[in-house]
Each structure stands twice: as C-alpha cells, then as structure tokens.
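Everything numeric here is computed off the predicted structure, so don't read it as measured data. All chains are named by letter (A, B, ...) in the order of the sequence lines, taking the proteins before the strands, and each is independently numbered beginning at 1.
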Number of protein chains: 2
Amino acid sequence: MSTHPDQAERPATIHDIAALCGVAASTVSRALSTPERVNVRTRARIEEAAAMLNYTPNSQAKALSSGRTGAVGVLVPDITNPFYFDLIRGTQLQLKAAGYTQLLVDTEESDEVEASAMEQLRKGADGIIVAASRLSDEVLLAAAAKIPVVAVNRDVPGVPAVIIDTPSATSQALDHLISLGHTRVAYVAGPVSSQSSERRWTALSEAAEARGVEAHRLGPFAPTTQSGAAAADAAVHSRVSACIAFNDLIAIGMLQRLRERGIRVPEDMSIVGCDDIFGADFCNPPLTTMASPIEQAGRVAVSMLLARLNPLAGGARRSRSVMPTHLTVRGSTGPAPQDR
Amino acid sequence: MSTHPDQAERPATIHDIAALCGVAASTVSRALSTPERVNVRTRARIEEAAAMLNYTPNSQAKALSSGRTGAVGVLVPDITNPFYFDLIRGTQLQLKAAGYTQLLVDTEESDEVEASAMEQLRKGADGIIVAASRLSDEVLLAAAAKIPVVAVNRDVPGVPAVIIDTPSATSQALDHLISLGHTRVAYVAGPVSSQSSERRWTALSEAAEARGVEAHRLGPFAPTTQSGAAAADAAVHSRVSACIAFNDLIAIGMLQRLRERGIRVPEDMSIVGCDDIFGADFCNPPLTTMASPIEQAGRVAVSMLLARLNPLAGGARRSRSVMPTHLTVRGSTGPAPQDR
DNA sequence: AAACGTTTGGCAATCGGTTGTCAAGAATTG
DNA sequence: CAATTCTTGACAACCGATTGCCAAACGTTT
C-alpha cells in the first residue's frame with residue numbers, strides 16, 4: 001500500500017513504544033502523563049523510545065478517553081473587524097503558551113450561528129471565550145452551565161467576563177469635547193444587540209446631563225465603515241458639532257463620508273472613535289479614539305478560563321476583570337465651530 | 001452530581017438513540033451516515049429519535065474511528081496582518097459551508113513554528129492550507145506527502161497552490177509610474193523568506209530593463225508599518241522618485257514616515273502598495289495599490305483541498321490556480337517631480 | 001525470617017463512534 | 001410454492017489513548 005512497506009509511515013502510537021520497550025501500553029501512558037508513578041529506569045527507556053519513534057500523542061484519542069480536548073473555542077462576531085485581531089492574537093498566544101489549541105469561529109454577527117457554534121463546541125472544546133456575544137442573558141447563562149465560558153465585553157451575572165471599560169472613557173471623551181467648546185454631541189450607536197453600545201450610551205447621556213450639554217442618540221448602525229456614511233449624514237442632519245461613535249469602523253466611515261461632502265474634520269465636526277484599531281492612527285485626519293489593551297484582554301480571558309479548567313493550579317479565580325480605557329487624542333477632534 | 005439527576009445532562013449518543021428505537025447502535029450509525037442502506041421506516045424512527053434527543057455526533061469519536069477529523073488547519077504567518085483577514089474569512093466561509101471546522105494557527109513568521117504546527121496538525125486535521133509558507137521547498141514537499149496541503153502564495157512543484165499574480169501587477173504598476181514620468185524606481189522588498197517578494201522583484205527588474213528605467217532594490221524589510229519608516233528613509237536616501245512596496249503595511253508605514261519628514265506624497269515621492277488591505281483606501285493620501293480577490297483566493301484554496309480529500313465528488317482537481325491582480329490607482333502616485 | 005507497607009506495572013474496561021462480516025427476513029423469480 | 005437474490009440489521013472488532021483495579025516485586029521493620 002505504501003511505497004515503503006517496511007518503514008512506518010503511520011505515526012507512532014503508545015503501542016509501538018510499548019512493543020519496543022517490552023511493557024504494556026498503559027505503562028507507556030503513565031510514563032508520559034504521570035511520570036512519578038513509573039520507575040525511573042523504565043520511564044527513561046520509554047522516553048527514549050518515544051523520542052526515537054518521533055511519537056506525538058493523538059489528540060483525538062486523548063480527548064475521547066479523557067474527556068479533555070485541549071482546545072478552546074474563541075467566538076467573534078466578525079473576523080474581519082480589526083478590533084478582534086488583537087483580541088484573537090492575545091488568546092492565541094496565551095492558549096498556545098498553555099498548550100491549548102484555539103478554535104476560531106466567526107459567528108457572523110448572528111445569535112443563531114453563535115448558539116449553534118456553542119452547541120458544537122460543547123463536545124469539541126474544553127471551554128469557550130465569546131466576544132461581544134449576541135445571545136440573550138438567559139441563553140448565555142444556560143450555555144455557561146454546560147461548558148466553561150468567559151465572555152468578553154458582555155456582562156451577565158454568573159458568567160465570568162473581561163469587560164473593557166469604555167463607558168468611563170466615554171465620559172473622558174465627552175469632557176474632552178466640552179473642553180473644546182462643544183455643547184451638542186451625538187452618540188452614534190452600534191447594533192441593538194450590542195450590550196457595550198447600550199452601556200456606553202447610558203454613561204454618555206448621564207455624563208452629558210450632569211455637565212449640562214445636549215446628547216443626541218443616532219442609529220443603530222452596523223459596526224462597519226459602510227454604515228459610517230449613513231451615520232455621517234445623520235450627524236450632519238442633527239446639527240451636532242461632535243460625535244462619539246460606537247467604534248472606529250463607523251468613525252472612519254464617517255470621516256470618509258464627511259470628506260466627500262466637503263465637511264471638514266475637525267473644523268466643522270469633531271469625531272471620536274472607539275477601540276483604536278489598526279488604521280485609526282493613519283486615517284485622514286488621524287482619529288481621536290478610546291484605546292484599551294485589547295490583546296491583554298484576550299490573554300486575561302484565557303487565563304480566567306484556564307483557571308477554571310484547572311482549579312488545582314491555584315490562581316485567584318477572578319470572575320470579572322475590567323480593562324482600563326483611555327482617550328487617545330489625535331486629529332479628528334478640535335474646537336467647536338463658532339458659527340452660532 | 002447534577003442538580004437534575006433524572007434529566008440527561010450529558011449529550012445524547014448513538015447508544016441512547018439505539019435504546020430508544022430498540023435497534024443496535026451500529027444501525028443508528030448507518031442510518032445517519034449511510035441512509036440508503038437502512039430501511040426507510042427504521043431510518044425515520046431513528047432520525048426522529050435523534051432530533052428528539054438533540055443528538056450531535058461526537059467529532060472526537062468520529063475522528064478516532066474513521067480517521068477523518070472534519071477539520072482543516074489554516075496557517076498564516078501573522079494573524080494581525082490585515083492581508084490575512086480576508087483570506088481567513090474566505091477559508092472560514094467555504095470550510096463551514098462544507099461542514100468542516102477551521103483550525104487557525106499563527107505561525108509567527110517562523111519556519112520552526114510552522115513546521116511544528118504542521119506536525120501537530122498531521123493527526124488533528126484532514127488537510128492544511130498554508131499561506132506564505134516560510135518553509136523550504138523540500139520541507140514543504142515532505143509535509144505535503146504526509147497530509148494534503150494547499151499553499152497560498154507559494155509555488156513549489158508538487159504542492160497544489162493558489163497563487164496571487166502580483167508579479168504581473170507589478171509590471172502594471174511600473175507602467176503606471178513610467179506614464180507619470182518616473183525613471184528611477186525602487187522596489188521595497190519584503191522578508192528574505194518570502195517567495196512572492198522574490199518573484200515580484202524579478203518581474204519588476206525585468207520589466208524595468210525592458211522599458212529602460214532604473215530599478216533599485218531596497219530592504220529586506222519586515223512586513224509591518226513599523227519597518228515602513230526605515231524603508232521610507234532608505235527610499236529618500238536612494239534618490240528615487242517612486243517606490244513599489246512589498247505590501248500595503250510597509251507602504252502605509254512609508255506614508256507616515258514621509259509625512260513626518262515633510263516629504264510630500266505624491267508630489268515628491270510616489271508610493272505603490274500591494275494587497276489593497278483594510279486601510280489602504282482611507283490612509284493619507286489613499287494608497288495606490290495592487291488589488292486581488294483575497295477572500296476568493298481563500299475559497300479556492302479550500303475547494304482545491306476538499307477536492308483532494310473527497311475525490312469522489314469529481315471536480316477538476318486543479319493543482320494550481322492563479323488569482324488575477326490589478327492596479328488600483330488612488331492618491332499616493334502622481335507625476336514625477338521636475339527638479340532635475 | 002516473617003510480616004508489613006509501598007511501589008510498580010499489567011489487564012481490561014471505557015470513551016463514541018465506524019465498519020466488516022454474516023445471518024435472518026423480505027422480495028423477486030422460476 | 002420453492003429457490004434465489006437482495007436487503008436489512010445485529011454483532012463485534014477496532015481507532016488510541018486513559019484509568020480503576022489488582023497482583024507482583026521491592027524494601028523496610030520488627
């Protein structure tokens with residue numbers, strides 16, 4: 001069947017090692033997973049044989065018999081949204097460091113796809129990290145009861161979470177705009193299913209009231225540059241002098257649209273984005289935005305999940321971690337126009 | 001152990017279905033995987049029971065007994081490089097449509113990480129798609145002998161590949177620059193291990209010679225915006241009036257650096273990028289670049305791989321597919337300066 | 001030297017499916 | 001109605017590990 005019948009084309013198994021060493025397969029298994037329970041000399045022989053045969057444990061078989069898959073699912077609403085790049089990279093690095101495999105799934109901004117992915121992963125992964133979940137509180141909670149889940153940017157009591165503290169940054173952004181003389185500000189809302197959009201609006205409207213400035217709400221808008229065009233038109237129509245956008249994609253889309261319409265940024269209109277994604281620093285003008293350590297958020301999420309999976313390893317087992325956010329001022333915000 | 005001892009918390013297995021229908025587990029397995037070999041009525045009962053129990057096959061067990069994992073590994077050098085976003089999305093969509101799971105791995109631009117990931121995936125996946133492989137021809141060929149591999153942007157005889165035809169676009173870019181009056185052009189090279197960088201330089205230098213213009217080679221540079229700064233300085237020093245960069249990341253980095261140094265684009269220097277990544281259209285100035293259907297490239301790669309995995313399904317079993325590339329002219333290229 | 005406790009290693013069941021083999025039953029045919 | 005073919009479904013081995021259980025071998029203590 002093979003070109004070299006006598007040469008083992010097929011990956012080595014513990015049985016091959018066992019045969020080579022003259023021990024039982026179970027001994028090999030123990031020697032490799034519970035070294036202290038096997039005679040030093042035997043173990044040495046086994047390890048030598050394993051190295052010689054270039055042995056790699058079959059993860060499928062391991063998963064089947066042990067129940068642990070060594071994989072963690074990472075669910076994001078849209079892979080092509082740059083915001084998730086850093087998050088994905090953070091989870092990837094941390095997971096790999098811990099010897100886990102990352103199963104990345106794009107849920108296409110759909111709660112159904114998300115739910116089915118979770119059901120799928122229930123057997124295919126040891127745990128799940130879900131970013132910006134579109135699921136209802138109840139469904140998410142139910143899912144978390146079946147498989148360890150860590151949510152990112154989604155706050156549901158009972159579900160461990162990493163929260164990126166954009167609401168507080170929103171207030172900073174408002175103060176920044178107020179200090180520039182703006183008195184009529186719009187919040188360009190994200191998808192209705194986005195909890196963070198909701199929380200940000202709450203923070204913003206409260207802060208605006210406390211400071212005595214007008215806060216309008218526009219949207220909802222899809223978190224893409226395309227919908228930024230509609231957002232820009234809405235903003236112009238609402239006669240505000242500054243906008244705080246749900247995220248940088250929308251903000252960048254607004255920048256483009258305003259430029260097309262001949263509306264100068266920041267002279268005629270100031271724009272604040274959120275996330276400090278790739279591109280925020282080199283768009284035209286560079287975007288004032290709310291930045292947070294996203295990659296770190298991914299790493300923290302993994303740590304929280306792994307602490308739950310391996311309780312023995314100690315660890316504070318936090319169930320909630322808040323990532324700080326700060327305002328990064330660039331060129332898209334400036335003094336309010338004086339035309340009134 | 002559970003809060004509801006009488007309720008099946010554990011996912012249903014074929015044995016549960018078999019018990020419910022009064023048939024053997026193997027019959028259930030056949031009914032679900034080889035429906036035509038089971039009595040219609042029995043099959044209907046089984047399917048009904050499966051639906052009732054909310055049965056999902058255990059992929060681990062399936063993989064173990066059948067040898068097929070239903071997963072495909074996708075290896076990219078750097079997840080945070082926007083170029084790969086669309087590629088990843090293309091593979092993800094096409095794989096999901098075919099019922100496969102995508103295992104995404106960031107090889108960190110390292111041939112060693114890439115090789116070990118391949119070895120790992122040899123048992124954990126049915127096939128591998130590797131983008132911009134850093135491996136040597138021999139190693140890649142050896143890997144392809146062990147597990148079906150489709151390479152993207154890597155041309156090794158014997159390894160099926162999807163090639164993005166940037167060399168021909170490079171000539172287009174050169175013609176574009178020549179028509180603008182440029183006579184001294186630099187190629188800003190990518191990593192030495194990148195085959196596409198090499199092929200592009202070959203195409204460019206030949207085209208330049210044929211057209212009687214000077215072509216300089218700068219670099220190598222890492223494919224990041226950071227190294228674009230060094231590239232910009234090198235370009236200025238080499239006194240060329242136009243640059244064709246290995247990719248958009250470098251080009252965008254150059255744009256930023258040139259701006260810092262007060263060198264105007266395109267008045268003093270024209271820049272051409274490659275890939276038309278996210279951001280290329282809204283940087284300042286918008287980047288003239290070589291665009292190709294990257295997402296489609298991902299989909300084609302998956303199709304080629306799956307055709308190999310399931311030969312029965314027919315399909316032309318192409319072993320090489322070339323994706324067209326065209327020049328997208330934006331604001332970063334303009335007439336050559338007249339100062340000489 | 002006997003009794004004891006402790007390692008150490010092998011057997012076999014198990015995870016949840018797939019698949020080859022084969023016999024019983026149904027359908028078709030002569 | 002009997003013979004034959006086909007269909008259908010049950011049994012059991014197997015994929016590659018893990019793991020509970022038990023017995024053999026070892027060293028220690030009295």
Side-chain angles (χ1 to χ4, degrees), chain A residues 8-47 49-50 53-71 99 101 119-120 122-126, chain B residues 8-47 49-50 53-71 99 101 120 122-126 310:
Chain A
E9 287 287 356
R10 161 187 61 79
T13 72
I14 52 170
H15 298 97
D16 300 327
I17 300 176
L20 194 60
C21 296
V23 301
S26 59
T27 302
V28 177
S29 174
R30 283 209 181 72
L32 298 174
S33 55
T34 329
E36 71 276 10
R37 294 193 45 70
V38 168
N39 184 300
V40 181
R41 290 173 48 205
T42 311
R43 193 206 314 168
R45 263 168 51 219
I46 290 175
E47 286 171 348
L53 294 176
N54 197 10
Y55 168 77
T56 320
N58 180 316
S59 57
Q60 316 289 342
K62 210 166 197 164
L64 186 55
S65 56
S66 69
R68 277 167 272 111
T69 63
T101 302
E119 186 58 34
Q120 192 79 8
R122 187 173 158 196
K123 290 166 190 160
D126 295 345
Chain B
E9 289 286 357
R10 162 186 60 81
T13 71
I14 53 171
H15 298 97
D16 300 327
I17 299 177
L20 192 60
C21 297
V23 300
S26 58
T27 303
V28 177
S29 174
R30 283 211 181 72
L32 298 175
S33 55
T34 329
E36 71 278 7
R37 295 194 41 70
V38 169
N39 184 299
V40 181
R41 291 173 47 205
T42 312
R43 192 208 313 169
R45 265 168 52 220
I46 290 175
E47 285 171 348
L53 293 175
N54 197 11
Y55 169 77
T56 320
N58 181 316
S59 56
Q60 318 288 341
K62 211 165 198 163
L64 186 55
S65 57
S66 69
R68 279 167 271 111
T69 63
T101 303
Q120 192 79 9
R122 187 172 155 197
K123 289 167 191 160
D126 294 344
N310 315 311

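The separation between Asn39(A) atom CG and dT6(C) atom P is 18 Å, rounded to whole Å. Residue Glu36(B) contributes atom CD, which lies 12 Å from atom C1' of dT7(D) at whole-angstrom precision. Atom CG of Asn58(B) is separated from atom C1' of dG16(C) by 6 Å (rounded to the nearest Å). Rounded to a whole Å, the NZ atom of Lys62(A) is 17 Å from the C1' atom of dT14(C). Atoms CZ (Arg45(A)) and P (dT8(C)) sit 14 Å apart, rounded to a whole Å. Look at CD1 on Ile14(B): it is 10 Å from P on dG16(C), rounded to the nearest Å. At whole-Å resolution of the value, NZ in Lys123(A) and P in dG16(C) are 9 Å apart. Summarising the geometry, the separation between CZ on Arg41(A) and P on dC26(D) is reported as 11 Å, rounded to the nearest angstrom.
Listed nucleotides dC15(C), dC15(D), dA10(D) differ in distance to Ser65(A); the shortest reach to its side chain belongs to dC15(C).
Donor-acceptor pairing under 3.5 Å, judged by distance alone, is present between the side chain of Ser26(A) and the base of dC11(C). Donor-acceptor pairing under 3.5 Å, judged by distance alone, is present between the side chain of Arg30(A) and the base of dG20(D).
Residue Ser59(A) is classed as having no contact, given no heavy-atom separation below 4.0 Å to the nucleic acid. Using a 4.0 Å heavy-atom distance criterion, Arg68(A) is classed as a sugar-phosphate-only contact. The residue Thr13(A) sits close only to the backbone: its heavy atoms come under 4.0 Å of sugar-phosphate atoms, none of a base.
The phosphate of dG17(C) has OP1 or OP2 within less than 4.0 Å of a side-chain N or O from Tyr55(B). Listed pair Ser29(B) / dG16(C) fails the phosphate criterion, with no side-chain N or O lying under 4.0 Å from OP1 or OP2. For Ser66(B) and dC15(D), the shortest distance from a side-chain N or O to OP1 or OP2 is not below 4.0 Å.
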Problem - Trace of the side-chain contact (heavy atoms from CB on, under 4.5 Å) decision for Arg30(B) with Val28(B) - result: CA-CA 5 Å; Arg30(B) 283 211 181 72; Val28(B) 177; over 6 Å; no
Handout entry: Test side-chain contact (heavy atoms from CB on, under 4.5 Å) applied to Val23(B) and Arg45(B), step by step
Key = CA-CA 10 Å; Val23(B) 300; Arg45(B) 265 168 52 220; 4.0 Å; yes
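Where Thr27(B) and Gln60(B) meet DNA chain C, the nucleotide closest to each residue was compared, and Gln60(B) sits on the side nearer the 5' end.
To the nearest 0.5 Å, atoms CG (Leu32(A)) and OG1 (Thr27(A)) are separated by 10.5 Å.
Within 6.0 Å of CD on Gln120(B) lie no more than 12 heavy atoms contributed by other residues, nucleotides or ligands.
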